[in-house]
Amino acid sequence: MCGGFCRLVHFARTTPPSLSRAALQLYDQDVHRCFSSCTAVDTSDAAWKQSMLGLSKGGLGLRSLYHHAPAAYIASVCSSGFGSQSNHHLCSAVAYFNSNVPPDKVLQVDSILSAPSVSQKKLSSILDTHMFNLLLENSSTADRARLLSVSSAHASSWLSVVPSQGLGLHLNPPVHQVAIKWWLGLDTSQGSQCALCPDKALDPLGHHAITCKRGGDVVVRHNTLRDVLAETCHRAHLSVQVEAGSDLTADHSHTCPADLLLTNWATGKTAAFDISVTSPLNALTLLEAGVSAGSAARATLRYFIW
């Protein structure tokens with residue numbers, strides 16, 4: 001019998017967690033082994049906890065059924081209308097759920113039985129949020145910046161997009177492996193030096209590789225975004241030039257060319273667009289990025305607003 005996720009969720013909703021914990025633990029272990037085998041990535045305890053979070057929390061969506069089974073069972077029993085305070089399986093599930101959430105999120109059996117509805121999605125979100133906050137509390141400044149960034153809106157889109165070589169939405173296995181390692185805060189350096197900075201050793205978490213301006217991820221991503229936008233303009237039959245417009249002013253006071261220069265953009269005027277790629281791991285914004293998501297982007301925006 002195939003142990004697909006949907007079948008296991010149905011199992012978790014209909015079987016008391018106190019009777020299924022051993023089986024669900026084995027299933028979670030199999031998922032972990034399968035992940036490691038498919039990606040060739042060995043995870044630390046913290047990295048695997050992050051993997052078990054939903055995509056919106058910076059995880060990989062490999063949720064632990066053992067951890068979320070009480071939420072599934074509570075929601076199912078309460079929705080069925082057959083729950084009662086004397087149901088020791090329900091009380092056991094509530095007790096386990098409460099042991100994994102902050103004090104202000106604990107459940108009371110009488111309260112959930114009288115509630116109009118109890119959402120499994122909402123209960124699982126409470127579990128995810130608590131685990132995410134625990135990871136933040138026990139992380140370094142750089143890891144906090146990373147966690148806040150990967151949990152930002154749309155940051156995880158690359159994990160859910162359909163991999164299409166024709167559309168350029170495809171990662172080869174080595175690149176995918178490095179991306180997963182960086183996403184989870186694992187060692188990506190293998191003790192090597194930066195090819196573009198001979199005197200700079202690559203740090204284990206890949207921060208230098210991401211922020212190196214001599215040709216690292218920042219430069220590659222900048223040029224890729226520029227070229228994609230230029231191609232989009234061409235398809236829309238807009239007159240666009242790449243790396244042009246250094247002589248726009250009469251006194252040549254602005255000598256830096258625009259990434260994209262569009263003539264007749266609006267009311268017959270020419271528009272110059274500059275693309276900026278930043279990273280929360282930049283030393284100038286690292287402290288702020290470790291407290292608030294989007295700090296690096298806001299700092300870059302302030303630079304361009306005169």
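Reckoned from all heavy atoms, side chains included, excluding hydrogens, waters and symmetry mates.
From Arg144, atom CZ reaches atom CG of Leu148 across 8.5 Å, with rounding to the nearest 0.5 Å. Between atom CG of residue Asp187 and atom CG of residue Asp42 there is a gap of 11.5 Å, rounded to the nearest 0.5 Å.
A 4.5 Å side-chain heavy-atom check between Asp143 and Leu135 finds every atom pair outside the cut-off. Looking only at side-chain heavy atoms (C-beta outward), Val219 and Asn223 come within less than 4.5 Å of each other.
Looking only at atom types and distance, the side chain of His176 has no donor-acceptor partner in the side chain of Thr39 under 3.5 Å away. Using modelled atom types and a 3.5 Å distance limit, the side chains of Thr43 and His32 yield a donor-acceptor pair. Side-chain contact annotation: Arg298 with Ser292, donor-acceptor N/O pair under 3.5 Å present. Of the N and O atoms on the side chains of Thr263 and Ser239, at least one donor lies less than 3.5 Å from an acceptor on the other residue. At a cut-off of 3.5 Å, with distance as the only test, no side-chain donor of His67 or Asp28 sits close to an acceptor on the other residue.
At least one donor-acceptor pair closer than 3.5 Å links the side chain of Gln50 to the backbone N or O of Trp183. When atom types are taken as modelled, the side chain of Thr15 and the backbone of Ala12 share no donor-acceptor pair closer than 3.5 angstrom.
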Is there a side-chain contact (heavy atoms from CB on, under 4.5 Å) between Ile180 and Leu60? Walk through the geometry before answering. CA-CA 9 Å; Ile180 289 292; Leu60 297 177; 4.0 Å; yes
Report the C-alpha distance between Tyr27 and Phe11 in whole Å, list the side-chain angles of each, state the deciding distance to 0.1 Å, and finish with yes or no for side-chain contact (heavy atoms from CB on, under 4.5 Å). CA-CA 12 Å; Tyr27 178 80; Phe11 175 75; over 6 Å; no
Give the intermediate values and the outcome of side-chain contact (heavy atoms from CB on, under 4.5 Å) for residues Lys105 and His130. CA-CA 10 Å; Lys105 297 295 182 181; His130 183 56; over 6 Å; no
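The minimum heavy-atom distance linking Val277 with Val218 is given by the pair O-CG1, 3.6 Å. Nearest heavy atoms, Val242 versus Ala230: CG2-CB, 3.8 Å.
Phe132 and Leu134 are assigned to two separate hydrophobic clusters, defined by single-linkage of ILVMFWY side chains at heavy-atom distances under 4.5 Å.
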